[in-house]
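Below is one structure; the comments refer to it alone.
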Amino acid sequence: MTWIAISDHDSYHFAPYGLGRSKAAPVLADTSGDALMTRGSLVIETRLPVIHRPRHLVYYTHTGDWPLHLSLQAVPGGGLVLILDQGGEILHRTINHSEAGRTDVLRITYSWDSRRRWGQLALERTDSDQVVLVSVPAPRPLRFVDALALVQPGADRYIAPEVLYLALSDSIEPVGPMPSLMSDTPIATPSGYRAVRDMRRGDTVLTPNGETVPVLHVLSRQVPANGCFQPVRMRAPYFGLQQDITLAPYQRLVLSGSEVEYLFGRESVLVPARHLAGSSGTAPVHSEPVVTYWQLLLPRHEALIAAGTVTESLFIGRLRRQKSKLNASTLAGLDRPSLPEHGSSVHPVLQAFEAMILAEQRAA
């Protein structure tokens, strides 16, 4: 997978050889003439506006020999409408975000492979593993110049204030469970700490209760370093850390101790890193346009010890029973019988305000 362009309200990044790759790499985006992009993904991450009438989140129109119109609208009642008009051939898809549950931020991924006559519209909650997939049969290719114009700021394009970023890839981007640790994150093993990027299938890790469990799979994914993917630095010695680590904002920490029992009546709780933003133990990271996250898949969703703190391993629920969602995920292509089934966590997940109360108690 290779990201070609990413933009938000403050910046725009474009690399014809792929963001995060050497300038000596082969050019991927041929922006000359009428070169076609027969395969790719357009990703839009957005907050949900409170509306009483339809409202554009993204709007682009271009006339001429190759007319193109794209709009993403939010409609009252929990709907999103994608319209793509390529020279009079219209793709119209409606997807109800209420099917993915109530959330503040959604990620919409439109992927197409015109040679295979295959396309897909995916809607994801950024705070859970909920994904809604809608089939798009026989999508048409896009010209490279038009695909880039959808992402590049310009007079022909409008993005609402609620939109966090748009990104263009030349690949079919996976959706669903996401890796969430930086490659150098030290993970406790029976022989000491090892960087997560150095772990392999069949290696073993130590859990907080002293168990030794095998690694079923090691997963990685490159994503835009924007919106709900923007890295967060957790600072030592907070949260039991022996050193600073950087992770995805959706990575959940397993926190325990007397404050947790007093405030929530539970031995341990799960706290997404983004809910700790603004506390003394965290800081946002302004990185390159793209970032690569890693994660380990364990048999029973056991917790990991990362640089002294306790974090979740990758949670996939019963994904292996859902063929279409499995094929759309980062786990596509893995041996299906080798994938575990994870039940719900025994630890409750804290809301943002609860996490801040806990962080303040620990800092006091």
Side-chain angles (χ1 to χ4, degrees), residues 1 37-49 51 54-60 68-86 88-142 146-147 150-151 159-160 162-178 221 223 227-228 316-332:
M1 66 187 75
M37 191 172 186
T38 59
R39 184 172 186 265
S41 296
L42 175 66
V43 179
I44 303 168
E45 195 169 287
T46 182
R47 300 186 186 279
L48 296 177
I51 56 173
R55 178 176 167 188
H56 281 110
L57 296 173
V58 177
Y59 182 90
Y60 172 83
L68 175 68
H69 167 81
L70 179 141
S71 69
L72 177 68
Q73 286 188 12
V75 297
L80 291 171
V81 179
L82 177 71
I83 300 174
L84 179 60
D85 183 349
Q86 296 174 269
E89 186 166 327
I90 300 175
L91 164 67
H92 186 289
R93 286 290 181 275
T94 300
I95 191 165
N96 194 328
H97 64 70
S98 64
E99 296 176 28
R102 185 175 179 83
T103 186
D104 289 330
V105 180
L106 293 172
R107 185 179 305 115
I108 301 99
T109 303
Y110 169 57
S111 298
W112 71 95
D113 189 330
S114 56
R115 290 177 177 171
R116 290 173 48 208
R117 299 178 63 81
W118 175 92
Q120 177 178 271
L121 185 63
L123 178 70
E124 300 175 86
R125 286 181 55 167
T126 60
D127 60 354
S128 79
D129 60 342
Q130 297 299 309
V131 180
V132 178
L133 302 177
V134 175
S135 176
V136 179
R140 295 183 63 182
L142 290 172
D146 290 330
L150 294 172
V151 179
I159 59 172
E162 291 84 2
V163 174
L164 300 179
Y165 70 86
L166 296 90
L168 179 68
S169 168
D170 73 337
S171 302
I172 306 301
E173 290 297 327
V175 297
M178 305 283 183
R221 183 189 173 193
V223 293
C228 292
I316 64 170
R318 291 176 170 81
L319 186 63
R320 74 174 187 176
R321 299 188 186 186
Q322 306 171 66
K323 185 176 180 180
S324 61
K325 293 183 179 180
L326 176 60
N327 290 338
S329 74
T330 55
L331 287 78

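For the numbers below, each heavy atom of this structure counts, side chains included, while hydrogens, waters and symmetry mates do not. Residues: numbered from 1 along the sequence shown.
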Nearest-0.5 Å distance that lies between atom CD in Gln73 and atom CD1 in Ile83: 5.5 Å
Determine, step by step, whether Met178 and Arg221 satisfy the side-chain contact (heavy atoms from CB on, under 4.5 Å) criterion, reporting the C-alpha distance in whole Å, the side-chain angles of both residues, the deciding distance to 0.1 Å, and the verdict. CA-CA 8 Å; Met178 305 283 183; Arg221 183 189 173 193; 2.5 Å; yes
Might you work through the salt bridge (charged side-chain N to carboxylate O under 4.0 Å, His left out) test for Glu173 and Arg107, ending with a clear yes or no? CA-CA 12 Å; Glu173 290 297 327; Arg107 185 179 305 115; over 6 Å; no
Minimal heavy-atom distance between Pro141 and Thr38, with the atoms involved, is CB-CA, 3.9 Å
One pair to check against side-chain contact (heavy atoms from CB on, under 4.5 Å): Leu72 and Val163. What are the steps and the verdict? CA-CA 11 Å; Leu72 177 68; Val163 174; over 6 Å; no
Worked verdict on Trp112 versus Arg140 for side-chain contact (heavy atoms from CB on, under 4.5 Å): CA-CA 8 Å; Trp112 71 95; Arg140 295 183 63 182; over 6 Å; no
So CG of Leu106 and CD of Glu162: to nearest 0.5 Å the spacing works out to 12.0 Å
Approximate separation, where rounding is to 0.5 Å, of Met37 CE and Leu168 CG: 4.0 Å
Report yes if some heavy atom in the side chain of Val175 is under 4.5 Å from a heavy atom in the side chain of Leu123; otherwise report no. no
Interatomic distance, CG@Leu84 vs CG@Leu70, rounded to 0.5 Å, equals 5.5 Å
Let me confirm one number: the CG-OG1 distance from Leu164 to Thr46, rounded to the nearest 0.5 Å. 6.0 Å
Aromatic ring pairing Tyr59/His56, orientation class (parallel under 30°, perpendicular over 60°, tilted between): perpendicular
Heavy-atom closest pair, residues Ser324 and Leu133: O-CD1, 3.8 Å
Could you tell me whether Arg47 atom CZ has more than 12 heavy atoms of other residues or ligands within 6.0 Å of it? no
Set out, in order, the CA-CA distance, both residues' side-chain angles and the distance that settles side-chain contact (heavy atoms from CB on, under 4.5 Å) for Leu82 and Val136, then state yes or no. CA-CA 11 Å; Leu82 177 71; Val136 179; over 6 Å; no
Considering the options Val134, Ile44, Leu121, Leu150, which one meets the side-chain contact (heavy atoms from CB on, under 4.5 Å) requirement together with Tyr110? Leu121
For Leu142 and Ala147 the tightest heavy-atom approach is CD1-CB, 4.2 Å
Tightest non-hydrogen contact, residues Val131 and Gly176, listed as CG2-CA, 3.8 Å
NZ of Lys325 to CZ of Arg318: how many Å apart, nearest 0.5 Å? 13.5 Å
Compare every heavy atom of Ser114 with every heavy atom of Pro139, then report the nearest pair and how far apart it is. O-CB, 3.2 Å
Can you name the closest pair of heavy atoms from Leu91 and Arg93 and give their distance? CD1-CG, 3.8 Å
